[in-house]
Structure formats: structure tokens, C-alpha cells
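Counting starts at 1 for both ligands and their atoms, following the listed order.
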Amino acid sequence: MDKKALTDRLNHDLAGELSAIIQYLTYAAKATGPFRPQLSEFFLTEVADEQAHAQFLANKIVALGGEPTTRPHEIASAGTNREMLEAVLAAERQAVADYTKRAREADEYGDKGLAVQLEDMVRDESTHAEETERILRDWPL
Ligand SMILES: [Fe+2]
Ligand SMILES: [Fe+2]
């Protein structure tokens, strides 16, 4: 794994974080029904974490001599509260898988600081996924 390959993969992850920010902002606006206040607040709380991840990645990409992407990935369209929660759960599980892999790659590259940071992000995304899964577990509609 050379510097260019690592930077490209971190840019893929940054695009994922940019999507997550937009996804949560949009879903917070779209949440409806009696659970709208809690759901909207839950989605907005996630934005802060994803923004911190995006900020870290953009800085790291520049530190490695790369150019941070400004293009998010495609965001899953979701019409109902349940569809939004399911789309969020899928995205968070994907983030856990991506950062687990990326932490290993950072270790192979020889950047222990990056590997540790990426492992912290695995923990954050795991918490997001677990919270979402627990909300969905008894979702009434
Ligand atoms: Fe994130
Ligand atoms: Fe997340």
C-alpha cells in the first residue's frame, strides 16, 4: 500500500462521511409522525460525529499530500421513517466494515496514528449502528 493508494481510499471514506452528513440532515427534515421530535434529534446528533470524521479525513488527506474530495457518494432515497432508519443502518454497517479494513491498511502502510484514529472511528460507527438497530427493533410501523 503506497501513499497514493492510501490517500485514494481515505478519499473514498471522506465521500462516505460527506454523504452521511447530507443523509442525516435530510432525514432529520423528513422525519414525520408522533416520533418526529426524537427521530429528528437523533439524526441531527449524528451529524456532529460524521462532521468530525470528515474533518479528520480531509486533514489527513492533505497531510499525505492529497486533495480532499468534495463529492459525496449517492445517498439512498427513503420515503418513510422506517426506510430512513434502514438506510442509515446499512450505511453505518458499511462504515464499520470500511474503517475496519482501512485501519488494517494504515497499519500495513506504517502509520500507527492513523490506524488508531480509524479504529476509534470503527467504535463510533459501531455505536451509531447499534443505536439505530435498537430503534428499529421495536419500530411499530
Ligand atoms: Fe462517520
Ligand atoms: Fe456514523
Looking at the Fe ion (ligand 1), is there an N, O or S atom belonging to Glu125 that lies under 2.8 Å away from it?
yes
Has Glu83 got a side-chain atom pairing as donor or acceptor with Gly79's backbone, closer than 3.5 angstrom?
yes
Does the Asp124 side chain pair with the main chain of Asp49, one donor and one acceptor, at a distance under 3.5 Å?
no
I need the OE1(Glu50)-the Fe ion (ligand 1)-ND1(His53) angle, rounded to 10 degrees.
100°
Under the side chain to side chain donor-acceptor pair (under 3.5 Å) test against Asp98, which residue among Arg102, Lys101, Gln94 passes?
Gln94
Under 2.8 Å from the Fe ion (ligand 2) - does any N, O or S atom of Glu92 fall there?
yes
What N/O/S atom of His128 is the closest to the Fe ion (ligand 2)?
ND1
Ring-plane angle category for His53 and Tyr99, please: parallel below 30°, perpendicular beyond 60°, tilted otherwise.
perpendicular
